[in-house]
Amino acid sequence: SFYDEAMEIKRRQDQEILDDIQNAFDDDQFVIYLQPQVNHRTQEIVGTEALVRWLHPKKGLLAPGEFIPLLESRGMISMLDKHVWKLACRQLRKWKDEGKEHLSISVNISTKDFYYEDLYEVFTGLIEEYQISEKNLKLEITESAFAIDEVKQIETVEKLQKAGFVIEMDDFGSGYSSLNTLKNTPVDVIKMDMAFMSGKDIYKRGADILQMVVSMAQRLNMPIIAEGVETLEQAEFLSEIGCDIIQGYFYQKPCSVEEFEAILDKYEKEGNTIQTK
Ligand code: C2E
Ligand code: CA
Ligand code: CA
C-alpha cells in the first residue's frame, strides 16, 4: 500500500505539471539559463549552453529534471524544445545586433524530437527567421540518441551538418556504445561528462581513461569539451592532458541571461579574466 501511495502522489504531481504547461507557454514561464564554456588556458569564454528553467509561479525555479522526463513520455518535449531553440535564436540575434557575433549557444535536442519534427526544416527555418549564422547555433545530441542506430536520424544530422551546423555529442562516455557510435556518426565536437569522476579518481583509473578519450579526440581532430568540472584540480588536470575547454560549476553555474551578460561585460572590462567561484 506504501507503493500505491507513492505512485498516487507521483501521478498527482505529474498531472499538476501537465495542467500548468499551457499557461507556462502563454506566460513566458520557460526561460533559458546560460552556462559559459571557458578555455582554461586562455581564460576566454568560447561558448555557452542554454539550459531550460521553468519559473513556476507557485513552485519557484524548476530544473529540467522535474519536468522534461514527463514531457518526453507524453510526446510533448518537442513543443518545449522548439520554444527553447527560439529563445536561443532570439538571444543570438540580440548579440548580433550588439556586435557580439562571436558568441555561440549550444541547445539540447531530445531523442524524441527526431520522431516528431523535421529537424532540418526547423533549424534552417529558425536561422532564416532570425537572420543569424548557423555556426552560432550549436546542436547537442546525446550520445544514446545515436546508439539506436536510426538511419533516418543519422541522415538528418548529416543534412544539418552540411547546412553548416556544428553537432556536439553530449554525455560522451556515459552510454553503452561510445566507440561504436563515434565511428558511425557524423559529429563535430565531443562533450565528455566528468560526473563519473569523483575528485580522487583523478589519480587513478579515471585519469587514464580521460587521457585516452582526449587523445582519441585529438587524433580524430575533434574539439572536446569537459562538462561538470567543479574543481581547480580537475580543470588543471584536463588542461594538462590537452582538454582546455571547460564547462562547469568551477567557472560558473548556469545563470540567467542578464547575469551572463553582466559577466561578459565585466570580463571584457577587466581584460579577459573570468572570476571563478
Ligand atoms: P546536460 O545537457 O548534460 O546539461 C548539463 C547539466 O549539468 C545541467 O543540468 C547543468 O546545470 C549541470 N552542470 C553543469 N556544470 C556542472 C557541475 O560542475 N557539476 C554538476 N554536478 N552539474 C553541472 P540541468 O540544467 O539541470 O539540466 C539537466 C539536463 O536536462 C541536461 O543535461 C539536458 O539533458 C536536459 N535539458 C536541459 N535543457 C534542456 C532543453 O532545453 N531541452 C532538452 N530536451 N533537454 C534539456
Ligand atoms: Ca547538453
Ligand atoms: Ca551533458
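Everything numeric here is computed off the predicted structure, so don't read it as measured data. Here, residue 1 is the first one in the sequence, and each next residue gets the next number. Order of appearance sets the numbers: ligands from 1, and atoms from 1 within every ligand.
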Check: Which protein non-hydrogen atom lies closest to atom 4 (O) of ligand 1, naming both residue and atom, and how far is it?
Finding: L51 CD2, 3.5 Å
Note to self: Counting non-hydrogen protein atoms only, what is the nearest one to atom 5 (C) of ligand 1? Give residue, atom name and distance.
What the structure shows: E227 OE2, 3.3 Å
Next item on the list: Could you see which bit of T142 sits under 4.0 Å from ligand 1, with heavy atoms only: side chain, backbone, both or neither?
Entry: neither
Notebook entry, point to check: Backbone or side chain, does any N or O of Q247 fall under 3.5 Å from an N or O of ligand 1?
Noted result: no
Next item on the list: Could you tell me whether K253 approaches ligand 1 through its side chain, its backbone, both or neither, with non-hydrogen atoms closer than 4.0 Å?
Entry: neither
Note to self: Taking Y130's backbone N and O only, do any of them form a donor-acceptor pair with R93's side chain (distance below 3.5 Å, no angle check)?
What the structure shows: yes
Margin query: Donor-acceptor check, side chain of Q35 to backbone of Q252, threshold 3.5 angstrom: yes or no?
Written below: yes
Next item on the list: Establish, from distance only, whether the side-chain atoms of Q37 and Q247 form a donor-acceptor pair under 3.5 Å.
Entry: yes
Item checked: Option nearest atom 38 (N) of ligand 1 (shortest heavy-atom distance, choices I32, D171, D193, V52) -> V52
Notebook entry, point to check: Any idea which atoms of ligand 1 are less than 4.0 Å away from a heavy-atom of V84?
Noted result: 41 (O)
Check: Applying a strict 4.0 Å limit to heavy atoms, is G65 in contact with ligand 1?
Finding: no
Item checked: Every N, O or S from the protein that is nearer than 3.0 Å to the Ca ion (ligand 2) -> E49 OE2, N108 OD1, E140 OE1, D170 OD2
Notebook entry, point to check: Would E66 and K59 count as a salt bridge (charged side-chain N to carboxylate O under 4.0 Å, His left out) if you check the C-alpha gap in whole Å, the side-chain angles of each, and the deciding distance to 0.1 Å?
Noted result: CA-CA 11 Å; E66 300 188 60; K59 297 180 175 141; over 6 Å; no
Next item on the list: Kindly give the cluster partners of L61, where membership spreads through any ILVMFWY side chain lying under 4.5 Å from a current member.
Entry: V31, Y33, L55
Notebook entry, point to check: Which pair of heavy atoms, one from F67 and one from R53, lies closest together, and at what distance?
Noted result: CZ-C, 4.5 Å
Item checked: S110 neighbourhood, listing ligand 1 atoms whose heavy-atom distance to it stays under 4.0 Å -> 44 (N)
Margin query: Measuring from non-hydrogen atoms of R53 to any atom of ligand 1, is the shortest distance under 4.0 Å?
Written below: yes
Item checked: atom 34 (O) of ligand 1 touched by protein (heavy atom, under 4.0 Å) -> no
Check: Using a distance-only test with no angle check, is there a side-chain donor-acceptor pair under 3.5 angstrom linking D188 and Q161?
Finding: yes
Notebook entry, point to check: For atom 9 (O) of ligand 1, is some protein heavy-atom partner under 4.0 Å away?
Noted result: no
Notebook entry, point to check: Could R11 and E8 be called an ion pair, given the rule that one side-chain N must be under 4.0 Å from one carboxylate O?
Noted result: yes
Next item on the list: For P254, take its heavy atoms, then give the atoms of ligand 1 lying under 4.0 Å from any of them.
Entry: 11 (O)
Check: Any protein heavy atom sitting closer than 4.0 Å to atom 14 (C) of ligand 1?
Finding: yes
Notebook entry, point to check: Counting distance only, does the side-chain N/O of Q43 pair as donor-acceptor with the main-chain N or O of H40 below 3.5 Å?
Noted result: yes
Next item on the list: Quick one: closest heavy-atom pair of V157 and I141, and the distance?
Entry: CG2-CD1, 3.8 Å
Note to self: Ignoring hydrogens and geometry beyond distance, is a side-chain donor-acceptor pair present between Y120 and E158 at under 3.5 Å?
What the structure shows: no
Margin query: Are V46 and I246 connected into the same hydrophobic cluster when the rule is that any two of I, L, V, M, F, W, Y join if their side-chain heavy atoms are below 4.5 Å apart?
Written below: no
Next item on the list: Measure the distance from atom 27 (O) of ligand 1 to every protein heavy atom, then report the residue, atom name and distance (to 0.1 Å) of the closest one.
Entry: P64 CG, 3.2 Å
Next item on the list: May I ask you to list the atoms of ligand 1 that are less than 4.0 angstrom from any heavy atom of V229?
Entry: 18 (O)
Check: Looking only at heavy atoms, what is the nearest atom pair of C255 and I263, with distance?
Finding: SG-CD1, 4.1 Å
Next item on the list: Pick one of side chain, backbone, both or neither for how I68 approaches ligand 1, counting any non-hydrogen atom pair under 4.0 Å.
Entry: side chain
Note to self: Would you say Q91 and E261 are linked by a side-chain donor-acceptor pair, where the criterion is simply a distance under 3.5 Å?
What the structure shows: yes
Margin query: Taking atom CZ as the centre, does R90 end up with more than 12 heavy-atom neighbours from other residues, nucleotides or ligands that are less than 6.0 angstrom away?
Written below: no
Next item on the list: Measure from NZ or CZ of K112 to the centre of the six-membered ring of Y115 and say whether it is under 6.0 Å with the direction within 45° of the ring axis.
Entry: no
Note to self: Show me which atoms of ligand 1 lie under 4.0 Å from any heavy atom of E49.
What the structure shows: 2 (O), 4 (O)
Next item on the list: Could you check which of E230, E66, Q35 puts a non-hydrogen atom nearest to atom 21 (N) of ligand 1?
Entry: E230
Check: Just going by heavy-atom distances, which of T231, V107, D81 is nearest to atom 43 (C) of ligand 1?
Finding: D81
Notebook entry, point to check: For K135, does the NZ atom sit with more than 12 other heavy atoms under 6.0 Å from it, leaving out its own atoms?
Noted result: no
Next item on the list: Please could you name the atoms of ligand 1 that G248 approaches to less than 4.0 Å, counting only its heavy atoms?
Entry: 15 (N), 18 (O)
Checklist line | Nearest-neighbour protein heavy atom for atom 12 (C) of ligand 1, which is reported as residue plus atom name and distance | finding: Y249 OH, 4.2 Å
